[in-house]
Amino acid sequence: MGGSLGCHRSIPKDPTDFGCGKRKFSAACNFSHILVNQERLNINTATEEELMTLPGVNRTVAQNIVEYRDCIGGYKKVEDLALVSGIGATKLEAIKLEICVSSRTSSSQHSPSSLRKDPDHQGCGTGININSATAAQLMSIRGVTEKIAKNVVAYRVENGPFKSIEDLVRVNHINSSLLDKIRFQVFVERSRAPSTNTNGGLTCTTKSHPSPTSFSYRSDDLDLPPGGPTQIMSVRPSVEPPPGLRDGKPVVRMATWSLQSCSCDKANNPGVKEVLCMTLLENDIKLLAVQDLLEREALDKFCVELNQGTLASVRKWKWPRGTWKSVVSEKPTGHSSKGVSYSGFLWDSSAGVDLKDTTVLEAPVVNGNGSQAYPVLYLAHFLVGSYELTMVNVHMKATALSSAESNGKNHNTDEVKCQRLSPSIQETLKAEKELVVLGDFGCPPQSSELDVLRKEKLCALVPSTQFTNISTRSPQGNQCLDNIWVSRSFKKIFSGQCTVVREGLTNPWIPDNWSWGGVASDHCPVVAEFYADASPKELSRPGTAAVDRRDIMPKHER
């Protein structure tokens with residue numbers, strides 16, 4: 001087969017000019033089943049050997065293409081190839097006239113070499129750098145268990161960098177036999193400083209999740225494990241869920257999370273799915289308001305995963321996962337860069353949370369062009385423990401957010417423009433009782449756009465100094481956009497615990513531009529804890545500051 005792999009596939013001078021002559025391949029290179037669309041290579045059916053006929057595609061890159069294809073069930077468009085380790089935008093531009101995408105009518109016929117790494121094709125400097133790899137990266141090496149990976153990192157921390165591959169035999173549980181099996185998958189590089197896109201040797205003994213940049217890999221990074229993200233194992237925070245009690249009283253945790261243009265495809269991404277589901281379980285969140293769903297069905301993907309547990313991390317969760325339900329607004333409630341979006345709720349019915357009803361609070365139309373001056377709000381009535389709760393799900397459009405994020409600087413409130421909550425919601429919600437207004441407000445709590453909330457004496461639980469956005473470039477964030485506002489009566493049962501979750505929000509499976517290891521959303525979940533055993537009488541009894549009707553915030557203020 002060696003001679004057959006040398007056949008050259010040149011790029012046509014004109015993409016439409018394929019009739020000037022058929023490409024001639026060796027008889028051993030039978031590409032008849034994959035040369036479709038005028039002799040372009042179908043990347044959904046091509047084997048590794050066939051992919052290696054593309055310019056600049058070596059054995060490792062071809063394996064990456066096949067493994068990622070198997071993971072996602074086939075490429076939908078040629079541009080998807082840019083997400084494969086070793087490709088990127090530049091290489092895609094060089095080969096895109098050589099390739100095409102069509103449905104996979106049959107499974108790829110992998111040669112025996114497709115099922116293993118070929119040491120003859122691994123040049124110097126490829127594979128895993130054992131002096132900078134994290135335990136998660138080391139575990140992508142065939143034959144290296146989690147225990148061995150941790151031993152390698154521990155040895156490196158205690159004794160300094162490895163001088164040669166042979167030094168691995170000094171690590172516990174690595175003998176000469178195992179070393180022979182893995183030597184072609186690793187290399188040693190001592191002079192290179194840890195990349196800003198990797199952990200740089202962060203051990204897995206820490207209880208906190210690596211920072212968002214910990215799993216941000218670039219396709220040209222020498223530390224990238226062979227096989228791309230399909231072989232990288234995620235690392236979740238080592239936590240135990242809260243006991244569900246505060247000061248001896250039962251509590252329930254509610255949260256808001258903008259899922260950033262979440263389509264069904266995004267919800268099906270195993271990294272996004274793991275981040276959302278495990279964040280709910282690890283933080284004991286029982287009721288979640290979500291925003292920015294591009295498709296109404298997307299939220300149900302997470303609900304099904306929580307109930308059925310197909311991901312390894314969800315299946316291995318040692319505590320009860322609960323019984324989850326979801327509801328999504330019938331009409332759009334916002335706009336994102338990719339079109340209209342919906343809002344919804346996800347809750348654990350086994351925790352005493354039940355939905356009574358929902359409604360979309362329409363906003364007034366601005367002018368004759370049909371555009372809306374005010375956001376559309378999604379209102380829901382829940383029974384939580386012994387009280388009835390009104391929740392208003394808010395998704396306000398921020399017009400200057402993208403420029404603020406790209407500059408990576410802190411911006412004043414005046415520089416971030418967003419929609420204003422409609423004053424008319426005050427009348428709509430006069431009859432509402434215990435009230436929580438939460439979601440993505442697109443601006444800090446002191447912004448004038450939120451004056452209507454202050455007028456109704458609602459209180460923001462997240463201060464403007466606490467950022468709620470996140471990215472791999474700015475792990476600590478630079479904007480306070482998401483919040484939970486509560487009425488004076490409902491604040492009586494607030495336990496004082498409100499947090500912005502920043503740990504465990506990245507995953508090796510999530511794209512990050514041309515890299516991997518991105519965040520599930522550019523918003524962090526905001527979690528607030530409330531006592532679950534307070535009755536309506538306790539909330540309004542004398543001495544606990546009975547609530548005036550004007551203190552009840554219209555949930556329709558988006």
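Heads up: numbering here begins at 1 and tracks the sequence.
- The shortest side-chain heavy-atom distance between Pro270 and Leu311 falls under the 4.5 Å cut-off.
- Residues Asn507 and Asn269 form no side-chain contact, since every pair of their non-hydrogen atoms from C-beta on lies 4.5 Å or further apart.
- Residues Thr279 and Trp257 are in side-chain contact: their nearest non-hydrogen atoms beyond the backbone lie under 4.5 Å apart.
- At a threshold of 4.5 Å between non-hydrogen side-chain atoms, the residues Leu461 and Val486 count as touching.
- A donor-acceptor contact shorter than 3.5 Å is absent between the side chain of Ser447 and the backbone of Leu450.
- Remark: side-chain polar atoms of Tyr75 are not paired, donor with acceptor, to backbone N or O of Cys100 under 3.5 angstrom.
- To the nearest 0.5 Å, atoms CE (Met391) and CG (Leu355) are separated by 11.0 Å.
- With Arg296 contributing its side chain and Val328 its backbone, the two residues share a donor-acceptor pair below 3.5 Å.
- Checked by atom type and distance alone, the side chain of Ser464 never pairs as donor or acceptor with a backbone atom of Pro444 at under 3.5 Å.
- Rounded to the nearest 0.5 Å, atoms SG (Cys262) and CD (Glu295) are 8.5 Å apart.
- The only option from Arg315, Lys273, Glu305 that meets the side chain to side chain donor-acceptor pair (under 3.5 Å) definition with Thr310 turns out to be Glu305.
- Between Lys356 and Asp354 there is no salt bridge, since none of the side-chain N atoms of the basic residue sits less than 4.0 Å from a carboxylate O of the acidic one.
- Here the side chain of Asp80 pairs a donor or acceptor atom with the backbone of Lys77 at under 3.5 angstrom.
- In this structure, the side chain of Asn307 engages the main chain of Trp324 through a donor-acceptor pair within 3.5 Å.
- Taking CD of Gln260 as the start and CG of Asp522 as the end, the distance is 3.5 Å to the nearest 0.5 Å.
- Remark: Leu379 CG to Ser329 OG distance equals 12.0 Å, nearest 0.5 Å.
- The side-chain heavy atoms of Leu435 and Ser489, taken from C-beta on, include no pair separated by under 4.5 Å.
- Under the side-chain contact (heavy atoms from CB on, under 4.5 Å) rule, Asn64 has a single partner from Val84, Ile87, Leu81, which is Val84.
- For the residue pair Thr472/Asp512, the side-chain donor-acceptor check at 3.5 Å is satisfied.
- Taking the six-membered ring where the residue is Trp, Phe382 and Trp347 present perpendicular rings, their angle passing 60° and hence far from 30°.
- The side-chain heavy atoms of Val436 and Leu389, taken from C-beta on, include a pair separated by under 4.5 Å.
- Taking the ring centroids of Tyr531 and Phe494, they lie at or beyond the 6.0 Å cut-off.
- No side-chain heavy atom of Val272 sits less than 4.5 Å from a side-chain heavy atom of Trp509.
- Crowding of Lys91 atom NZ: a count of heavy atoms from other residues, nucleotides or ligands under 6.0 Å exceeding 12.
- With 3.5 Å as the limit, one finds a donor-acceptor pair spanning the side chains of Thr45 and Asn42.
- Judged by distance alone, the side chain of Arg454 and the main-chain N or O of Pro445 form a donor-acceptor pair under 3.5 Å.
- Here the closest non-hydrogen pair linking Gly322 and Asp348 is CA-OD1, 3.4 Å.
- Between Glu79 and Lys96 there is no salt bridge, since none of the side-chain N atoms of the basic residue sits less than 4.0 Å from a carboxylate O of the acidic one.
- A donor-acceptor distance shorter than 3.5 angstrom exists from the side chain of Thr468 to the backbone of Asp482, with no hydrogens or angles considered.
- In summary, the side chains of Asp357 and His381 do present a donor paired with an acceptor at a separation below 3.5 Å, with no hydrogens or angles considered.
- With values rounded to the nearest 0.5 angstrom, Leu287 atom CG is found 8.5 Å from Leu346 atom CG.
- A 4.5 Å side-chain heavy-atom check between Val527 and Met254 finds every atom pair outside the cut-off.
- Residues Phe530 and Phe490 place their aromatic rings such that the two centres sit under 6.0 Å apart.
- Side-chain N or O atoms of Arg420 include one that pairs as donor or acceptor with a backbone N or O of Ser448 at under 3.5 Å.
- Atom NZ of Lys286 is separated from atom OG of Ser350 by 6.0 Å, given to the nearest 0.5 angstrom.
- A salt bridge does not link Asp292 to Lys397: none of the charged nitrogens lies less than 4.0 Å from a carboxylate oxygen.
- A donor-acceptor pair is defined here as one N or O able to donate and one able to accept, closer than 3.5 Å; no such pair exists between the side chain of Asn268 and the backbone of Lys301.
- No side-chain donor-acceptor contact under 3.5 Å links Asp440 and Gln291.
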